**Student:** 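Take this structure first; my questions come after.
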Protein chains: 2
Amino acid sequence: MRISKPHDERRNEILDAAEMLFTMKGYSKTTVNAILKEVGIAKGTFYHYFQSKEEVMDAVVQRFIDSGVNMAKSIAAKPDLKAPEKLFQILMAQRTDSARKEGMIEELHEANNAEMHQKSLVETIQQLTPILTKVIEQGIAEGCFSTPYPKETIEILLVSSQFLFDEGIFGWQSDELLQKVVAFVYIVETTLGAEKGSFNYLLEMMMPLNMTEDGEDENHSL
Amino acid sequence: MRISKPHDERRNEILDAAEMLFTMKGYSKTTVNAILKEVGIAKGTFYHYFQSKEEVMDAVVQRFIDSGVNMAKSIAAKPDLKAPEKLFQILMAQRTDSARKEGMIEELHEANNAEMHQKSLVETIQQLTPILTKVIEQGIAEGCFSTPYPKETIEILLVSSQFLFDEGIFGWQSDELLQKVVAFVYIVETTLGAEKGSFNYLLEMMMPLNMTEDGEDENHSL
DNA sequence: TTCATTAGACCGACCGTCGGTCTAATGAAA
DNA sequence: TTTCATTAGACCGACGGTCGGTCTAATGAA
C-alpha cells in the first residue's frame, strides 16, 4: 500500500526512527533495512531523502544538538542575568536532551557508538563554546570568574564531562562516579577561578542522572 | 607457494600491516582483504590468528599503548627522581608513540577513526591513570603539587589533551592551536596546583609536533 | 470541464563489497 | 608414516547503495 506524505513529515519520521535505533543499538549495528522497517517505507524512499546512512546520522546529531544550542543562545542573550546564573540555566537546558535518551540503550555495555558520540561531541564543542565563552567573559567582567583562557577552559571542561561521564565508554562503579563528579565540580571551580562551593548545584544536577541505576540497595520498603 | 613462519612473526606481520592501514585510511575504510594483500596471506590465515577484524584493532591498540605504559612504569619506579621530572619523562615517552604515526593519514580530513581513537583513549586512560596518579601523589608529598583529586585531575587532563590536540577531529588553525597549547599548560599548572611556569617544558614538547605544517611564513632567508 | 503533462514521493529487485566460514591441501615435527 | 598446526582461497549471507520504473496529485491549455 502506498502512503504519500509531505516532505518534512516523512523526513522527520526517518530521523525519529533512526535516532531511536542508533541510540538503542548503536550506529554501526543499525541497518538501513531496520530503519525502513521501522518507518514502513522502501529503500528507494530512504535514499530519496538522504544520500547515505551517514548523512542520516549527521542530521540526527544536528537536530539533537540544535534545540540545546538555541536554548543556550536565548539564555545567554538575557541582559539582566548574572553569569553564574546563565551558566546554570544553559547547562540545565542541555540536560533535557540527554535525558531523552535515558533508559534506552538496549545492548547494554556497548561502547560502539564511538562514531556518533564523537560527532555529537565535536558539534557540541563547536556550537556551545562561543556561547559559553561569552558567558564566562561576562562573569570575569562581573568579578566572579577569573581565568586568562575562558574559551580553552570551557572546551576542556566540555570534552572531559562528555567523555568521562558517558555511561558505556568507561564502566565506572557508582562510588567512583560519585568521586568523579565531586572532583569535576572542584576542577570547574578551580579552572574558572570561581569561589569554592559556588558550583555545588552541579552536584545535584549530575548526580540523579548517573547514580540511580545501582542494582544494589534495592527494596528499601518491606 | 606456501610460506610457513613462526606464530609470533606472522602475527606481528598482520599487526604491522593492519596498524599501517588503519592509520592511513581509518579503521572502517580498511578492508580485511587489503590487510591480506599487504601481508601476502590468505583469508584463512588471517582468521587463524584473529577472530575478527575488530580483534585486530584491539591488538593494534594494545601493542601501541603497551610500550608507552611499560616505559611509564619503569620511569615511575625510579626511586630518586622528583615527581615533576618523572612526569616530564613519562609524557616524553608517550610522545614517541604518537610520533610514529606522524605524517601518515592518507585521507586527510578524515575523522572516521572514531572507533579506534576511542578505544585507544580508553585504554590510555585506564593504564596510565594509576601510574600518573602515584606520581602526582608523590609530588604532593614533596610539596610541589597540590590537589585533593589527583586521579580525577589526571583523567581530565589526559582526555582533553588526547581529544583537543588530535589532528583530524577538530580542524584547528595553527594560531588557534598555539593558543590552546599555552592555555592547556596553564590549566595543567592550575589544576595540579603547581608553580606557574613549572610546566613550560610542555610548550616546547607539544609545539614542534603540531605547529610545523604552517604553509605561511616560509622563506625567511632571501 | 477535461485530460495530457509534469513533479516528485514512493517502490523493491538488484548489485558490488565486505566480514566471516568452511574444507581441503600442505609440510614440518614426531 | 602419521599427525596436526598452518595455510589457502572458494564460498556465503548481510550489508549499504543504485536503478528503472510506478503512482498520485497538482497544473494549465483546450
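Being a predicted model, the structure only gives us computed values, none of them experimental. Within every chain, numbering begins at 1; the chains are lettered A, B, ... in the order of the sequence lines, protein sequences first and strands thereafter.
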**Student:** I'd like to know if B:Arg10 pairs up with B:Glu13 as an ion pair, taking the criterion as any Lys NZ or Arg NE/NH1/NH2 lying under 4.0 Å from an Asp or Glu carboxylate oxygen.
**Tutor:**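 The answer is yes: the pair qualifies as a salt bridge.
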**Student:** D:dA30 pairs with which nucleotide, Watson-Crick or G-U wobble, both distances below 3.5 Å?
**Tutor:** C:dT1
**Student:** When you check the phosphate oxygens OP1 and OP2 of D:dT18, does a side-chain N or O of A:Tyr47 lie under 4.0 Å from one of them?
**Tutor:** no
**Student:** Where each residue is assigned the nucleotide of DNA chain C containing its nearest heavy atom, which of A:Lys43 and A:His48 is assigned the position nearer the 5′ end?
**Tutor:** A:His48
**Student:** On the 0 to 90° scale, with breaks at 30° and 60°, tag the B:Phe163-A:Phe163 ring pair as parallel, tilted or perpendicular.
**Tutor:**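 B:Phe163 and A:Phe163: tilted rings.
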**Student:** Could you tell me whether A:Tyr49 contacts a base, only the sugar-phosphate backbone, or nothing, with contacts defined as non-hydrogen atoms closer than 4.0 Å?
**Tutor:**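 Sugar-phosphate, backbone atoms only, no base.
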**Student:** Does any nucleotide pair with D:dA10 by Watson-Crick or G-U wobble geometry, both distances under 3.5 Å, and what is it?
**Tutor:** C:dT21
**Student:** Report which part of the nucleic acid A:Thr30 touches: base, sugar-phosphate, or nothing (heavy-atom distance under 4.0 Å, all strands).
**Tutor:**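 The residue A:Thr30 makes sugar-phosphate contact but no base contact.
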**Student:** Given B:Leu87, which of B:Val188, B:Ile75, B:Leu81, B:Val135 fulfils the side chain to side chain contact (heavy atoms under 4.5 Å, CB included) condition?
**Tutor:** B:Val135
**Student:** Check the orientation of A:Phe170 and A:Trp172. Use parallel for under 30°, tilted for 30 to 60°, and perpendicular for over 60°.
**Tutor:**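 Parallel.
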**Student:** What is the distance from CG of A:Leu36 to P of C:dC14, rounded to the nearest Å?
**Tutor:** 18 Å
**Student:** Without decimals, in angstroms, what is the distance between B:Gln51 CD and C:dG19 P?
**Tutor:**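 One finds 17 Å between P of C:dG19 and CD of B:Gln51, rounded.
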**Student:** If you compare every side-chain N and O of B:Thr45 against the phosphate oxygens of D:dT6 (OP1, OP2), does one of them come in below 4.0 Å?
**Tutor:**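 Result: no.
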**Student:** Is any side-chain N or O of A:Arg10 closer than 4.0 Å to OP1 or OP2 of C:dC10?
**Tutor:** yes
